Amino acid sequence: MTKITAAITGVETFVPEYILTNNELSQMVDTSDEWIMTRIGIRERHILKGEGKGTSDMGAPAVEKLLKKTGTKPEEVDLLICATVTGDMPFPATANIISDKVGIKNAFSYDINAACSGFVYAVITAVKFIESGQYRKVVVVGADKMSSITDYTDRTTCPIFGDAAGAILIEPTNNDNCIIDHIFHVDGSGRKYLHQKAGGSCKPASHETIDAREHFVYQEGQSVFKFAVSKMADVSLEIMEKHGITPDNLAWLVPHQANMRIIDATARRMGIKREQVMINIERYGNTTSATIPLCLWEWEKKLKKGDNLILAAFGGGFTWGAIYVKWAYDSN
Ligand code: UT7
């Protein structure tokens with residue numbers, strides 16, 4: 001019996017219209033375009049505006065476009081997994097809401113929270129369902145409305161984040177152009193450097209938590225930076241070595257877009273050129289679960305069947321990991 005493998009067969013995104021520029025941010029906090037470009041590499045980010053709009057309002061249109069593009073009927077989807085840290089509500093899962101909005105009725109769906117590594121964790125979860133032979137069409141959504149947990153009075157965090165959603169379809173195949181392997185890690189002791197203090201079961205929302213601005217991202221930037229640089233590079237190198245991938249036969253590194261300097265350091269450590277790295281942080285910022293599908297979507301037309309890709313992420317938890325993919329299709 002041939003082994004069932006899992007391949008990415010389509011990618012789509014939704015990016016909200018409103019663009020928050022560094023110049024506009026400079027009027028909100030004491031910062032400058034020059035500082036943000038030099039230290040982070042972000043020029044602008046998109047923000048979801050509108051009363052009552054949440055993460056599913058980006059995830060659902062991304063999935064709708066994906067189903068249309070891949071000729072998939074909503075009823076054919078077996079499973080939808082949404083990676084997010086900014087669900088519409090604490091419960092139910094945003095995946096359930098997206099499924100409802102797009103008419104996915106014959107599936108089950110749930111969320112995965114692994115912060116900026118959420119998308120890669122969700123991809124491998126989907127792969128295992130496909131490889132089991134029991135499921136044929138799995139949608140993975142990475143979506144975050146980071147503006148809902150960003151403190152626009154804190155100059156150390158507010159330039160970093162943006163809002164967006166990306167969605168991919170994963171289907172079975174029986175050839176080598178598939179999602180081949182992954183290496184994932186976690187170190188929960190890193191939570192002290194990057195978290196949201198209130199709104200969970202330890203510290204439910206109260207007047208005090210609101211007054212203390214504890215419903216926003218808390219980050220000790222330098223500590224996170226140091227871990228991100230070494231861990232994302234280490235794991236990417238580890239998966240290259242494991243599979244005999246060299247700088248010459250790697251088509252693309254698809255890194256989580258947190259900081260231009262982290263991306264550059266990872267590429268340097270892997271011995272690859274900037275031209276082999278998908279980088280769009282300048283226009284979207286850090287969209288948490290959506291960064292990697294946003295890259296795949298922007299570069300889709302350049303990707304060729306059989307291309308070696310490494311998807312790499314690092315995020316809150318700490319969580320980090322890399323996936324080795326042999327791209328499955330040529331775009332027309
Ligand atoms: O995706 C999840 C994982 N997250 C990450 O990977 C983020 C990792 N961390 C980073 O990317 C960087 O640490 C930051 C972008 C958050 C900060 O950059 P940094 O180079 O580490 O800056 P810093 O925190 O060391 O601050 C340097 C200086 C400080 O001033 P002093 O104390 O030297 O006078 C800050 O107050 O820059 C100041 N500063 C700013 N100045 C202008 C901090 N934020 C700003 C700002 N504009 N927005």
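Side chains included, hydrogens not; waters and symmetry mates left out as well; all remaining heavy atoms used. Nothing here was measured: the structure is a model prediction, and the numbers come from that model. Order of appearance sets the numbers: ligands from 1, and atoms from 1 within every ligand.
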Report each N/O pair between ligand 1 and the protein that falls under 3.5 Å, naming both atoms.
{"residue": "ligand 1", "atom": "1 (O)", "partner": "H256", "partner atom": "NE2", "Å": "3.0"}
{"residue": "ligand 1", "atom": "1 (O)", "partner": "N286", "partner atom": "ND2", "Å": "2.7"}
{"residue": "ligand 1", "atom": "4 (N)", "partner": "Q219", "partner atom": "OE1", "Å": "3.2"}
{"residue": "ligand 1", "atom": "9 (N)", "partner": "G221", "partner atom": "O", "Å": "3.1"}
{"residue": "ligand 1", "atom": "11 (O)", "partner": "N259", "partner atom": "ND2", "Å": "2.7"}
{"residue": "ligand 1", "atom": "13 (O)", "partner": "G221", "partner atom": "O", "Å": "3.1"}
{"residue": "ligand 1", "atom": "20 (O)", "partner": "R39", "partner atom": "NE", "Å": "3.0"}
{"residue": "ligand 1", "atom": "20 (O)", "partner": "R39", "partner atom": "NH2", "Å": "2.7"}
{"residue": "ligand 1", "atom": "20 (O)", "partner": "R261", "partner atom": "NH2", "Å": "2.9"}
{"residue": "ligand 1", "atom": "25 (O)", "partner": "Q222", "partner atom": "NE2", "Å": "2.4"}
{"residue": "ligand 1", "atom": "36 (O)", "partner": "R155", "partner atom": "NH2", "Å": "3.0"}
{"residue": "ligand 1", "atom": "37 (O)", "partner": "W35", "partner atom": "NE1", "Å": "3.4"}
{"residue": "ligand 1", "atom": "41 (N)", "partner": "W35", "partner atom": "NE1", "Å": "3.4"}
{"residue": "ligand 1", "atom": "41 (N)", "partner": "R155", "partner atom": "NH1", "Å": "3.4"}
{"residue": "ligand 1", "atom": "47 (N)", "partner": "T31", "partner atom": "OG1", "Å": "2.7"}
{"residue": "ligand 1", "atom": "48 (N)", "partner": "T31", "partner atom": "OG1", "Å": "3.0"}
{"residue": "ligand 1", "atom": "48 (N)", "partner": "R155", "partner atom": "O", "Å": "2.8"}

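The existence of a salt bridge linking K105 and E76 is excluded, since no basic side-chain nitrogen approaches an acidic carboxylate oxygen closer than 4.0 Å. The pair R155-D30 counts as a salt bridge, with a side-chain nitrogen and a carboxylate oxygen less than 4.0 angstrom apart. Salt bridge absent: E238 and K231 never bring a charged side-chain N and a carboxylate O closer than 4.0 Å.
F318 and Y193 have parallel rings, their planes meeting at less than 30° on a 0 to 90° scale where 60° marks the start of perpendicular. Aromatic ring pairs are classed by plane angle as parallel below 30°, tilted from 30° to 60° and perpendicular above 60°; the pair F314 and F227 is parallel.
When the options T266, I183, L311 are evaluated for a side chain to side chain contact (heavy atoms under 4.5 Å, CB included) with S236, the one that passes is T266.
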